[in-house]
Amino acid sequence: MFSPVDRFAPHVRLADAAFPLPGDPPSESYLNIPALLDAARAAGAHAVHPGYGFLAENAAFAEACAAAGLVYVGPPADVLRVCGDKSQTRDAVAAAGVPVLPGSGVVDDADLAGAAERVGYPLLVKAAGGGGGKGIHLVRAAAELHNAVRLARGEAGAAFGDDRVYLERWLPGARHVEVQVLADRAGRVVALGERDCSIQRRHQKLIEETPAPSLPAAVRARLLTGAEAGARAVGYRGAGTFEFLVDGEAFYFLEVNARLQVEHPVTEMVTGQDLVIEQLRIALEGRMSVPERVAPVGHAVEARISAEDPHEDFFPSAGRIDGVRLPGGPGIRVDGALEPAMDVTRHYDPLLGKVIAWGRTRQEAVARLRRALSETAISGVPTTIPFHLWALQDPEFLAARQTTRFVERWAARPRGRHERLAVMVAAAAEHLARHTLRVPPVGPSASWLAAARADGLRMAEGYRDA
């Protein structure tokens, strides 16, 4: 199924059958339940996989699929409803003995000030029915509260059709660690390890890795046990993620992402398990095939490449992709559908693709990812690659001391103008030479050379401030 702006996207061309949706805005396309069900009927489908965005955690969509005789590949509607109300999820998980941060239930304007005083500052205003980092705002003092709530309500209403919010205490120096869980209809719940997702901007992740580095073994064991207990407490089924803040040896439950995560490849790389196949098995057969405990082999790190300008506070960009050069090599996996002439629109999330690296050790995985990103070039829109290349060499990251405030180091980094210019020019010259001297597979053409030159200049951005 595709919106008009996606009609030329690679995944549409590769599909055996593709069905158009009415318009580009999410409300007319990927949030349009009647149109999605019409397309599923036209396809003769018997199951619907919701992906990891838009309606992936929407109980009404799961119910509509069931009413239409379609298998929904995800948790049942009643579980989605519990997990979709984050304050209700907190209560259920806390009752199972899992630590939670001080927080409120869903708040209205009349009780806002009182609830904030009870929770304590600094705090976060969070969308009760949201996900993906949207509808979250930091409040350091009472004077900021009402504006933060107004912004969070607006974002949550636009993204999820649900403008309810709740409050939660903020831990500024903590790490963001999540646990991948699978649960089936037979009652089995298995935690497939944890991922460190601390490196974020606007509460959305930029780099993820597994196993979480520098995590004491006792804390890891308690996290996995806590996630499994939380899954049982909410009656979970399918693939999902239980998110925590880790502060020293203490940890606190945050929320459940009742869907496949963008960063699921790192877990697949170290466990050898295919999470999408397990989702399908659980939905269609009721049982998963994974063992009770899966020990990770090696280390995996993922970089989310987004159409954002890291030099302008990660401001989202729209435009057309001019040239693309994606990496390969030992231990490298690329998930994405990037190609020249693809439009990046304001309607959807700016995520362009993911580059994932596996290594026998964390050091090897990071080195492979750094090498792969240095060979990645995307022209036409700014991307986050310059930030990734900087972060993967930062001493705090290399020492595994990253927290949720890591991106502040990027904003405060020292920058030497002349040194930066010299590195950029040298990198551009080297990369351009490699491109223009290599014979393209379809023979040289003016358009190919133009793309290569743009590609080379974009590549130079990857070395900026390195």
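In this text, all values refer to a predicted model and were calculated from it rather than measured experimentally.
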| said: Once you measure the plane-to-plane angle for W410 and W390, does it fall in the parallel (<30°), tilted (30-60°) or perpendicular (>60°) bin? | reply: perpendicular
| said: Tell me whether the rings of F387 and F406 are parallel (<30°), tilted (30 to 60°) or perpendicular (>60°). | reply: perpendicular
Neighbour count above 12 (heavy atom, 6.0 Å) for [X] [atom1]:
X: E339; atom1: CD; value: yes
X: R287; atom1: CZ; value: no
X: R13; atom1: CZ; value: yes

| field | Residue of the set K86, K205, R195 for which salt bridge (Lys or Arg N to Asp or Glu O under 4.0 Å) holds with E243 | value | K205
Would you check if [X] and [Y] make a side-chain contact, meaning some heavy-atom pair closer than 4.5 Å?
X: P211; Y: L215; result: no
X: Q261; Y: R259; result: yes
X: T225; Y: R222; result: no

| field | Set of residues satisfying side-chain contact (heavy atoms from CB on, under 4.5 Å) with respect to L31, sequence neighbours excluded | value | P26, F54, L55
| task | Mark yes or no for whether R164, through its side chain, and A128, through its backbone, hold a donor-acceptor pair below 3.5 Å. | result | no
Salt bridge check: are [X] and [Y] linked by an N-O gap of less than 4.0 Å?
X: E63; Y: R81; value: yes
X: R41; Y: D38; value: yes
X: D196; Y: R175; value: yes
X: R188; Y: E292; value: yes
X: E263; Y: R304; value: yes
X: E308; Y: R202; value: yes

Extract all donor-acceptor atom pairs below 3.5 Å that involve side chains of residues 100-113 and protein atoms in other chains or at least two apart in sequence.
{"unit_1": "S104", "atom_1": "OG", "unit_2": "L167", "atom_2": "N", "d": "3.0"}
{"unit_1": "D108", "atom_1": "OD1", "unit_2": "A110", "atom_2": "N", "d": "3.3"}
{"unit_1": "D108", "atom_1": "OD1", "unit_2": "D111", "atom_2": "N", "d": "3.1"}
{"unit_1": "D109", "atom_1": "OD1", "unit_2": "R153", "atom_2": "NH2", "d": "3.3"}
{"unit_1": "D111", "atom_1": "OD1", "unit_2": "R118", "atom_2": "NH2", "d": "3.4"}
{"unit_1": "D111", "atom_1": "OD2", "unit_2": "R118", "atom_2": "NH2", "d": "3.0"}

| said: Assess, by modelled atom type and distance only, whether the side chains of Q88 and R90 contain a donor and an acceptor separated by less than 3.5 Å. | reply: no
